[in-house]
Every structure is written in C-alpha cells, then in structure tokens.
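Before I ask anything, let me first share the structure, which is written out below as structure tokens.
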Number of protein chains: 2
Amino acid sequence: MILKNLSIDCVIFGFKDNKLKVLLWQDETEAIKSFFTDRDNYEDVKILFEANPFRANEGYWALIGTHMPDEEDLDEFAKHILYQTTGLKDLYLKQVKTFGATNRVPFMRVVTTAYYAIINPEYHDMQQSEITKILRWFDIDKLPKLIFDHEEIINAALKKLREEVKYHPVGFHMLPEKFTLTELQSLYEVILGKKLDTRNFRKKIQKMDLLTDTEEKQTNVAHRAAKLYSFDIATYQKLREEGLKFSIQ
Amino acid sequence: MILKNLSIDCVIFGFKDNKLKVLLWQDETEAIKSFFTDRDNYEDVKILFEANPFRANEGYWALIGTHMPDEEDLDEFAKHILYQTTGLKDLYLKQVKTFGATNRVPFMRVVTTAYYAIINPEYHDMQQSEITKILRWFDIDKLPKLIFDHEEIINAALKKLREEVKYHPVGFHMLPEKFTLTELQSLYEVILGKKLDTRNFRKKIQKMDLLTDTEEKQTNVAHRAAKLYSFDIATYQKLREEGLKFSIQ
DNA sequence: CCAAAAGTGTTAGACCTACACCCATGA
DNA sequence: TCATGGGTGTAGGTCTAACACTTTTGG
C-alpha cells in the first residue's frame, strides 16, 4: 500500500570541485522501482508518478523522492531511498521540515517531508544502478528549473545546513578520509557562502581536538605539500551531540 | 475529505506560576467539531477518533491535534487549531518535526507533524468554547500518562524551544505586556532548566536594546517595587529574524 | 525596623578579529 | 629560481563568569 498524500524528498548535498552541489534527477518510472518491495503496490506508485505533468518536460529536474509506503518508517524510508540512489549507508541525514501547502502539487494533494543528506560525491557509487543514469550534480547557485516547490525545499535545507554547520561539525561526511586544512576551510567557506580567515580558522579547528595528524602529506603538488588530517571519530561524535562551544562564522 | 494517514499535533507551551507548562486535553469527539468546516467530512474524523482505544481511558492525556483535512494548508491548519482551542491569533508557532514510526499509532498508520506554540496563559480565553472544558495545563516535569508517542513529541518540542531561546528572543509571547526583569529572567531559567546570574543576565538583556522602560513600577508588593518594561516590537522582530549575536545560557 | 526582592560594578580570563610574512615543493 | 599555495603569532578589543552589597518598599 502507498500513502497517496504523503511523500519524501531528499536534498543531497555534496562538495566537489570546490563547490557545494545538490544531487537531482529527472524521475523515470522504472527508477523508483528499486525503492519499493513486493508488499508495496508498485502499480499505484507508477500511476501516481505518471500523473505528473512535469515528467514529460525535459527541462525540469526534481529532488530525489517518492510516495511513502504504508508499512515503512519515515526516517528509515529516507535512508532506504538514499541507499538505493547513492549506494551509501550510514550517511548524515536529517529531517528539514514538512511542506504542506495545499497547491504545492497542482494536480493532487501531497504533503512532503524533506530530508537533507551530506555525502562525499567521490565515494558514492554512481555506477551501481539504473537510477544513476538520470542523476546529476548541480551547483547550488546554478539550479535548473525544478518541479513543484522543490526550489523552496532546497533553500530551506540549505538554511538548515548553514545553521547546523556553525555549531556542529559536519565535514566528515563530505570530505575524503584524509584531507588538508585548506580543503576543510574551503568546505566551510562554500557552505557558509563567505571567506574565512585562514589563521583564525586553523586556531578554532585545532582547539576542537577533532583532527588527527596522519603524518602524511600531499604528493605531486606544485607547491609546499599540505599535511593530511583525519577526523577523530570519538570526538567527532561527541561534538555532533553536544555542539561546539563556539561558532564558526 | 480527511487525510487518514496524516495528522497535526500542537505542543502549546505557557509560563504560569513560575513554571513551564504544556496544554493538554482529553479528546472528545464533539470538541474537534470546531476544527472542521462543512466541506470536510466530519463523520470520517469522528470514526477515526472513536477508533482510538485510549479515548475510553480516563488516565490518558493527549496533545491537541487531529487529522488533516484535504483542502487545508498544513501551517494554516495548525494556526486554526490553536485559534479554536485558545482563542489566540498571531501566536508564536513553529514546526518541530514529523513523526513517522510505523507503529506510533497502534491501530492504524498515522504520520503526524508536530508544531510548538508559545502563549501567555493569562491571555487566552479558556472560557470561549466547549473545548476548554477538557483542557488542562501540566507542568513540563509532571506530565500525566500520554497516548501514543506524545511524550516523545513534547520532549522534541522542548529541545527545540531550548535551542531557539538561546539565540532568539521569545519572551514576548509568554509574558504580559509589561513585565519586570526578574520575570523575564525566571522565564529563561524555567525554559533552560537552570539558574542564571542576575547581574550578567541584566547586562546581556540591556545590551540587546530590546526593552523599553515603561516608567511604571509594580504596586502593592511587600518589597522594593520593580520597574516594568515592555518589548520594543521593531527590535524584537529584527532579533527574531537575525538571531542574537551571543547566546543566553 | 524588618523581611523581601530589586538593583548595581569590577576583575580576570577566554575568545575574537584583523593582519603580513616566510616556507616547502615541483616545474 | 620561480610560482604556488601551506603554514604561523600577536595585540587590542570584547564577551563571559564569578562574585556581595546597598536600596526600596509594605507590613
């Protein structure tokens, strides 16, 4: 059974080429098949999907999401969708809010719960399924035309991410296992949308006791090689829960 | 039409007798009648309500809420519910999050979007309707038995309120028009659940430029009469949006 | 004049901002 | 040896936390 009036949409953020990106798709009936199990009535979902007048229009992109099955937990189903599209488990995933304007979907009543996720685009296995053919990363400031209120949802998620990043560490999920302080700083700059002072940034980060020096350095760079760091997972988890004592902004 | 699988629940906070309170009810079929209009099928709601096995049990209380009508905006309907129960418009209202565990309502699938509101219990007209007979304020730390996951919802709302109060002013909605600094401090202490230093608190508040000295004082108090202040609405709105430059904690 | 709450200032330490130069590397 | 980005320290100002006594009022 499918809950006709309730859907999930995921805003997937990634950091690539020094830019903040969002993963979008042009939905295709076959693609969502993998989200559902036998006990869900896939025919129902298909009918709902095909009723969407924007599907036919090449120019429109959408957040990754679909209608809720009756027998799935809301949070779990969001995780499941992310696993099916990116191949990643254990990712950073938070509810943004629920959008329930009466006319947000023109041809029927659908209330959608939005989630945002943070992933490292390098890690996710874009080759793993059918779905990947219709996925594309977009710069956060160069979004294509989006269906329904998906632009509003992305903006709400971005706002939430910006709030979050000031008081809680998030880089872990967007960066490779070993990274330089400059990469970490770029990530913050890109999320917050402004330049940070290098010396002050480094002082703040180091005071957190969050980074482990891997004793390695960059290789093959045409300048002084930067040290590579990794996150101390225990401290990372602790700070995620407790929040930073100060803010990065 | 009623959306069977989607409901709204409101956590209404108030500040009374120097304590943080939550407004709860023991739902009664007649009471929710006022939430709906003719175009909603009230019989459907009634059936859904009467299917709740906790209704019969005197000991259980609930958050104020009901199923969503098809043709109402989610946020607007939350406002409407609050107006019908408290007689207040223009109150402080925010979405907490959406709860969607499969088994949260044992006998059917209902996903609920929770809101929290902040009101001044003195102002709301508890006499105004049938509903008020079944409403009661409970101390936040002496909650009765609650149906479903309503205790979890209250805890999530409280957590959100505590986060909010650190960086944004909220007192406006909980206090009378004119209030003393001590009352404001008690409000913060009660929300945050800890004592604050009087001198430091006053310094912080005064630096915000948020309060107007009404040039009045308490009367008939058996001790030095405190000055009465009111909020500067323009500054209040500005700080609500921008947030405080520092935190109260 | 007593009880009760209102109201007020200072200091030491932590953190924040702003700012400019030398270092290591590969080409 | 040059171009490129990596890496570092200090000083002045601001915020924070801790702390105790005097003032005003009504009874």
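Values reported hereafter were calculated over all heavy atoms of this structure, with side chains retained and with hydrogens, waters and symmetry mates removed. Here is how names work: the chains are called A, B, and so on, in the same order as the sequence lines, proteins then strands, and each is numbered from 1.
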**Flag, side chain of A:D17 to backbone of A:K19, donor-acceptor distance under 3.5 Å** =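 Side chain of A:D17 to backbone of A:K19, a donor-acceptor pair under 3.5 Å: no, none is there.
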**Asked** Between atom CD in A:Q185 and atom P in D:dG7, what is the gap in whole Å?
**Response** 11 Å
**Asked** Just how far, in rounded Å, is P of C:dT8 from NZ of B:K207?
**Response** 15 Å
**Asked** If you round to the nearest 0.5 Å, how far is CZ of B:F77 from SG of B:C10?
**Response**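 Here the rounded value is 9.0 Å.
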Detail all sub-3.5 Å separations between protein N/O atoms and N/O atoms belonging to nucleotides 22-25 of chain C.
from	atom 1	to	atom 2	distance (Å)
C:dC23	O4'	A:R224	NH1	3.4
C:dC23	O2	A:R224	NH1	3.4
C:dA24	N3	A:R224	N	3.1
C:dT25	O2	A:H223	N	3.4

**Asked** Does the ring of A:F99 carry A:K97 above it, NZ/CZ under 6.0 angstrom from centre and within 45° of its axis?
**Response**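 The answer is yes; both the distance and angle limits are met.
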**Request:** Rounded to the nearest angstrom, tell me the gap between atom CG in A:L181 and atom P in D:dG6.
**Result:**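 Atom CG in A:L181 sits about 10 Å away from atom P in D:dG6.
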**Message:** Could you tell me how far apart B:D197 (CG) and C:dA6 (P) are, to the nearest whole angstrom?
**Reply:** 14 Å
**Message:** Check this one for me: any side-chain N or O of A:T182 less than 4.0 Å away from OP1 or OP2 of D:dG6?
**Reply:** yes
**Request:** Let me know the distance between NZ of B:K204 and P of D:dA18, rounded to the nearest Å.
**Result:**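 Distance, rounded to whole Å: 11 Å.
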**Asked** Would you say the side-chain atoms of A:T235 and A:D209 include a donor-acceptor pair closer than 3.5 Å?
**Response**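 The criterion, which ignores hydrogens and geometry beyond distance, is not satisfied for A:D209 and A:T235.
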**Prompt:** Strictly under 6.0 Å, is that where the ring centroids of A:F231 and A:F179 end up?
**Reply:**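 A:F231 vs A:F179: aromatic centres under 6.0 Å.
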**Prompt:** Is any side-chain nitrogen or oxygen of B:R202 closer than 4.0 Å to OP1 or OP2 of C:dG7?
**Reply:** yes
**Asked** Judged by atom type as modelled, is there a donor-acceptor pair below 3.5 Å linking the side chain of B:D73 to the main-chain atoms of B:E76?
**Response**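 Judged by distance alone, yes, a pair lies under 3.5 Å.
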**Item:** is_close_aromatic(B:Y188, B:F201), centroid dist under 6.0 Å
**Value:** yes
**Prompt:** Rounding to a whole Å, what distance do you find between B:I205:CD1 and C:dG7:P?
**Reply:**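 Checked: the CD1 to P distance equals 14 Å.
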**Message:** Looking at B:Y116, I'd like to know if the NZ or CZ of B:K94 sits under 6.0 Å from its six-membered ring centre while staying within 45 degrees of the ring's axis.
**Reply:**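 No, cation not above the ring by the 6.0 Å, 45° rule.
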**Prompt:** Please give, in whole Å, the distance from D:dG6 C1' to A:Q206 CD?
**Reply:** 12 Å
**Item:** Gap between atoms CZ and C1', on B:F201 and C:dG7 respectively (whole Å)
**Value:**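 Going from B:F201 (CZ) to C:dG7 (C1'), I get 14 Å.
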**Request:** Give one of base, sugar-phosphate or nothing for B:T180, where a contact means two heavy atoms less than 4.0 Å apart.
**Result:** nothing
Could I get a table of every N or O pair under 3.5 Å where one atom is in the protein and the other is in nucleotides 10-13 of chain C?
from	atom 1	to	atom 2	distance (Å)
C:dT10	O4	B:K203	NZ	2.8

**Request:** Have a look at B:L23 and tell me which of B:T85, B:L82, B:T86 forms a side-chain contact (heavy atoms from CB on, under 4.5 Å) with it.
**Result:** B:T86
**Request:** Let me know, please, whether B:R199 or A:R199 comes out on the 5' side of the other along DNA chain C by nearest nucleotide.
**Result:**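 It is B:R199 whose nearest nucleotide is closer to the 5' end.
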